[in-house]
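What follows is one structure encoded as structure tokens, with my remarks underneath.
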2 protein chains.
Amino acid sequence: MHSDDKNGIDYSMLQSRLGYKLRRAQLVYFDVFSEACAQEGITPGLFGILAIVYHNPGLTQTAVSNALDVDRSAMVAAIDKLEGMEVVERRKSKHDRRSYALYLTEKGKAFTERLDRQVNEGESAFDSFLSEEERRWLLDTLDRIIQARKGG
Amino acid sequence: MHSDDKNGIDYSMLQSRLGYKLRRAQLVYFDVFSEACAQEGITPGLFGILAIVYHNPGLTQTAVSNALDVDRSAMVAAIDKLEGMEVVERRKSKHDRRSYALYLTEKGKAFTERLDRQVNEGESAFDSFLSEEERRWLLDTLDRIIQARKGG
DNA sequence: GTTAGAATGTTTATGTGATAAACAATTTAT
DNA sequence: ATAAATTGTTTATCACATAAACATTCTAAC
């Protein structure tokens, strides 16, 4: 009954745990992302916002927070920062005076496109050991995990 | 060229990004883990420590932090808490008066075994849509991602 | 052996991010 | 017109990661 060893350490309870492996793998991608664009002051969370607003201009803060499954209170500081960087702007909605419609500035569009390329390069240079088929399978499986939760 | 839609929202820049999906999937598992044992005051990070010390009694704090790839400064508060719960104990090392050897108490062993079962149940009730083969493939792939970083 | 360098546990600080409660202003439903 | 829900916001807490610095102790070089 010899155990799962690495550097002489027994990882029995963690080795086959998806939650643990997902956490470790996510940390790796966080590092890769940071190397790709930490210099720009953009974190994965901020990039998510840019990506959503880029392709869906005019959404409210709450709509973006729903799209990314984060609390809407988290949007305030994030949008404040992106507005300070002059890549996103809040425009008052005519239909609903409570809410803002979010748009990328011209600078923000170019910025987002550049970040998208940089992150793609950084990630693909790193996960090129995955075939395109494996990559798709992995993405689909992760999606199934994410969706499985929605129903519960 | 109609785009990746969900609830009428275009996820183009995120849809095929492994980092994003890993983050979301990890969040899901964090929730499942929490439901399984948040009542015991145990977080995923603390469980990792218990799992390592359970199978590798006598390791120093630094050795455990290396095993889990966290900074050793993060161990202090964690071990403090586990010691306060009377599940882990620090014993002064005879060979090195700087360091402690970590051990589970009898209570800690039973506690860890129970948590292990609870988390296994919580996770498997949730990811049962994966075949055993798919699960192994997923674990292996995540391992490859984690290991790929070590070399770079 | 003494001395210089490295390692151990520790404290303190910063930052990211998730989560939750509460509030005023506004909109929607009754 | 009144009650209920929604929007952005503030504030708080917690998990977790990272980094610098420090005293004590050990290791290596001389």
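All values below were derived from every heavy atom in this structure, side-chain atoms included, with hydrogens, water molecules and symmetry-related copies excluded. Letters A, B, ... are given to chains in the order of the sequence lines, protein chains preceding strands, and every chain is numbered from 1.
- The side chain of B:R98 places no N or O atom within less than 4.0 Å of a non-bridging phosphate oxygen (OP1 or OP2) of C:dT10.
- Rounded to whole Å, atom P of C:dT8 lies 13 Å from atom CG of B:L102.
- Taking 4.5 Å as the limit, every side-chain heavy atom of A:P57 sits out of range of all side-chain heavy atoms of A:L102.
- For B:E89 and B:K107, the salt-bridge test fails: no basic side-chain N is under 4.0 Å from an acidic carboxylate O.
- Base contact: A:S73 has a heavy atom under 4.0 Å from a base atom.
- Taking the nucleotide of DNA chain C with the nearest heavy atom to each of A:V70 and B:A74, the more 5' of the two is matched to B:A74.
- Residue B:D96 contributes atom CG, which lies 8 Å from atom C1' of C:dA7 at whole-angstrom precision.
- Between A:Y20 and B:Y29, the ring centre distance reaches or exceeds 6.0 Å.
- Rounding to whole angstrom units, NZ of residue A:K92 and P of C:dT26 are separated by 10 Å.
- Which of D:dC16, D:dT9, C:dT10 sits closest to the side chain of B:Y100 comes down to C:dT10.
- Contact annotation for A:D71: base contact, defined as any heavy-atom pair under 4.0 Å involving a base atom.
- Taking OG1 of A:T60 as the start and CZ of A:R90 as the end, the distance is 11.5 Å to the nearest 0.5 Å.
- Residue B:K81 contributes atom NZ, which lies 9 Å from atom P of D:dC16 at whole-angstrom precision.
- Comparing C:dG9, C:dA18, C:dG17 against the side chain of B:T62 picks out C:dG9 as the nearest.
- Between the CD atom of B:E35 and the C1' atom of C:dT19 there is a distance of 14 Å, given to the nearest Å.
- In this structure, A:L59 places its CG atom 14 Å from C1' of D:dT7, rounding to the nearest Å.
- The distance from atom CG of B:L27 to atom P of C:dG17 is 11 Å, rounded to the nearest whole Å.
- A distance of 15.0 Å separates CZ of B:R17 from OH of B:Y11, quoted to the nearest 0.5 Å.
- The shortest distance between the side-chain N/O atoms of A:R97 and the OP1/OP2 oxygens of C:dA24 is not below 4.0 Å.
- Between B:R90 atom CZ and C:dT8 atom P the separation is 15 Å, expressed in whole Å.
- Toward the 5' end of DNA chain D, the nearer of the two residues A:D31 and A:I79, judged by each one's closest nucleotide, is A:I79.
- Between A:R72 and the phosphate of C:dA21, there is no side-chain N or O to OP1/OP2 separation shorter than 4.0 Å.
- Within 4.0 Å (heavy atoms only), A:T43 reaches sugar-phosphate atoms of the nucleic acid but no base atom.
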